[in-house]
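Values reported hereafter were calculated over all heavy atoms of this structure, with side chains retained and with hydrogens, waters and symmetry mates removed. Within every chain, numbering begins at 1; the chains are lettered A, B, ... in the order of the sequence lines, protein sequences first and strands thereafter.
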Protein chains: 2
Amino acid sequence: MAVREIPLTNKAKILDAASALFLEGGVSALSVRAIAANAGVSTIGIYSHFKGKDGLLEALYIEGFALINAAMKVDSSEDPHVSALAACERYLDIAENNQAHYQLIFGDAGADYVPSEAARAASVEAFGGLLSFASILLPEDASAGMKQKKALEIWAMLHGSVSLKRHSVGQLMPAMDWRGAIMESLEKLIS
Amino acid sequence: MAVREIPLTNKAKILDAASALFLEGGVSALSVRAIAANAGVSTIGIYSHFKGKDGLLEALYIEGFALINAAMKVDSSEDPHVSALAACERYLDIAENNQAHYQLIFGDAGADYVPSEAARAASVEAFGGLLSFASILLPEDASAGMKQKKALEIWAMLHGSVSLKRHSVGQLMPAMDWRGAIMESLEKLIS
DNA sequence: CTTTATGCATAACAGCGTTATGATGAGTCA
DNA sequence: TGACTCATCATAACGCTGTTATGCATAAAG
């Protein structure tokens, strides 16, 4: 018995095509013509359904932050130290395995995208995750300022290492166990 | 007595125009047409003298790394702790006051420039500076691997904080003394 | 049935970096 | 001195980019 497939709307086709191109080639693979060609439609749909290319980048940006947010979730019933280090490993895994998203968020690789208010809400949410992450590392009566400082500290180290490796420093130390070195530094900050 | 001025070569005009535009508007202000118009020549000179726009970006990239390198210079006759923290302050100052250069180096703001071998030599030199910086913080018999780790650690924190502030996190904590928080974290790594 | 709104393909626009074309001037050599 | 070569130059054109304009078709509302 043949099941009738619901035909994809053009909007869905465009979003699927954009995601596929993005995952394969990053932001620079996302020209409106390439997306439209891959979706089998004309470019005008990108403007009617997404208000232009930025609308697509918006969805991907929010997706990227959702990944980061998920990585930073910690379980407060676990040992704080172990839980925090595991979260850091997850963050580094995500940066490595989702490079297109990561680079979109941090303005890399030709991404001139400027996030809207709605997209900025994604960073607010991720930071909330980082704050609760920081909470488990501090005494219960720690101030909000202390939590923010700890969150910033960890995030700076995480992001700094990801970015340096990608840009100019990674190839300067080919023999270095990059992940090991960064995890050591994080351990200092976490204990 | 009128002193005869030596007329600028077109090459010099182009380089001056590019630098002025760059300092004012960053990489995205550097279109070949804008540069040529500002220099009062046609665009072809950019190709004959600099092999294209990338040649100009090359010069600016190297310049940016020279700034970083200069910041990381430490005087081994001074107190290592004080000297190191001062170098970190200088790095943060440079990142703040030379944003166009900083963003070019770290692939931001639409900079699709991929550094050539010659330009990469600039990062090698800067890293040499970071290694000697790391040396003063470690025992004299520290291995090269240890020095590299320390250098990476400090640089990750420095660069991470600069990049996070610029991208998505800076506005999440408007009340935070960003510089103070990062210097505290660096002090932990330095002691 | 008429009007309005939405979505669509296509063409055109203005910008981008780069290449092609033909002209000019300087330097070298016979 | 004349011919040849090379580098530089202005201009035009190329192929790409994101976006807007145009006209048509369809669906929904009154």
Side-chain angles (χ1 to χ4, degrees), chain A residues 6-22 24-61 100 103-104 107-116 118-119, chain B residues 6-22 24-61 100 103-104 107-116 118-119:
Chain A
I6 297 177
L8 282 179
T9 61
N10 278 4
K11 183 174 180 177
K13 285 183 193 168
I14 288 167
L15 198 52
D16 286 353
S19 290
L21 286 168
F22 181 68
E24 193 180 316
V27 174
S28 53
L30 284 188
S31 74
V32 290
R33 287 171 177 82
I35 296 166
N38 263 43
V41 299
S42 69
T43 62
I44 192 64
I46 295 169
Y47 297 91
S48 43
H49 297 292
F50 298 96
K51 287 181 178 144
K53 183 174 167 180
D54 273 8
L56 289 172
L57 294 180
E58 185 109 326
L60 296 165
Y61 180 93
Q103 285 156 31
L104 174 60
D108 284 9
D112 267 350
Y113 164 66
V114 177
S116 68
Chain B
I6 298 179
L8 283 179
T9 61
N10 280 3
K11 184 174 180 178
K13 284 181 194 169
I14 289 166
L15 198 52
D16 286 352
S19 289
L21 286 168
F22 183 67
E24 193 179 317
V27 174
S28 53
L30 284 188
S31 74
V32 291
R33 287 169 176 84
I35 296 165
N38 263 41
V41 299
S42 67
T43 61
I44 192 61
I46 294 168
Y47 297 91
S48 44
H49 295 292
F50 298 97
K51 287 185 178 138
K53 182 174 166 178
D54 273 7
L56 288 171
L57 294 179
E58 186 109 327
L60 296 166
Y61 181 93
Q103 285 155 33
L104 174 60
D108 283 9
D112 267 350
Y113 165 65
V114 178
S116 67

Legend entry - Of the listed nucleotides dC16(C), dT18(C), dA12(C), the one nearest the side chain of S31(B): dC16(C)
Inset, instruction - Working to the nearest 0.5 Å, report the span between CG of N38(A) and CZ of R33(A). - result: 14.5 Å
Legend entry - Sugar-phosphate only, base, or nothing, as touched by L30(A) at under 4.0 Å among non-hydrogen atoms: sugar-phosphate
Inset, instruction - Could you check V32(A), I35(A), L30(A) and say which one makes a side chain to side chain contact (heavy atoms under 4.5 Å, CB included) with L56(A)? - result: I35(A)
Inset, instruction - Please tell me which of K11(B) and V32(A) maps to the more 5' nucleotide of DNA chain D, matching each residue to the nucleotide holding its nearest heavy atom. - result: K11(B)
Legend entry - Separation of I46(A) CD1 from K11(A) NZ (nearest 0.5 Å): 13.0 Å
Inset, instruction - Search all heavy atoms of G26(A) against all heavy atoms of A100(A) and return the closest pair with its distance. - result: CA-CB, 3.9 Å
Legend entry - Of all pairs that satisfy side-chain hydrogen bond (donor to acceptor under 3.5 Å, both in side chains), the ones with a partner from residues 45-60 of chain B, not counting sequence neighbours: E58(B)-Y113(B), E58(B)-S116(B)
Legend entry - Positions of residues 51-61 of chain B (non-hydrogen atom under 4.0 Å from DNA chain D), listed by number: none
Inset, instruction - Could you tell me which non-hydrogen atom of A34(B) sits nearest to which non-hydrogen atom of A29(B), and how far apart they are? - result: CB-O, 4.0 Å
Inset, instruction - Taking the side chain as every heavy atom from C-beta outward, state whether D16(A) and K13(A) have any pair of such atoms under 4.5 Å apart. - result: no
Legend entry - Nearest-Å distance for atom pair OH/C1', residues Y47(A) and dA12(C): 13 Å
Inset, instruction - Measure the distance from CD1 on I44(A) to P on dA11(C) and round it to the nearest whole Å. - result: 14 Å
Inset, instruction - Answer with yes or no whether R33(B) presents, from its side chain, a donor or acceptor under 3.5 Å of a partner atom in the base of dG15(C). - result: no
Legend entry - chain A contact limits on DNA chain D, taken 5' to 3' with a cut-off of 4.0 angstrom to heavy atoms: dT17(D) to dA21(D)
Legend entry - Separation between OG of S28(A) and CD of Q103(A), rounded to the nearest 0.5 Å: 9.0 Å
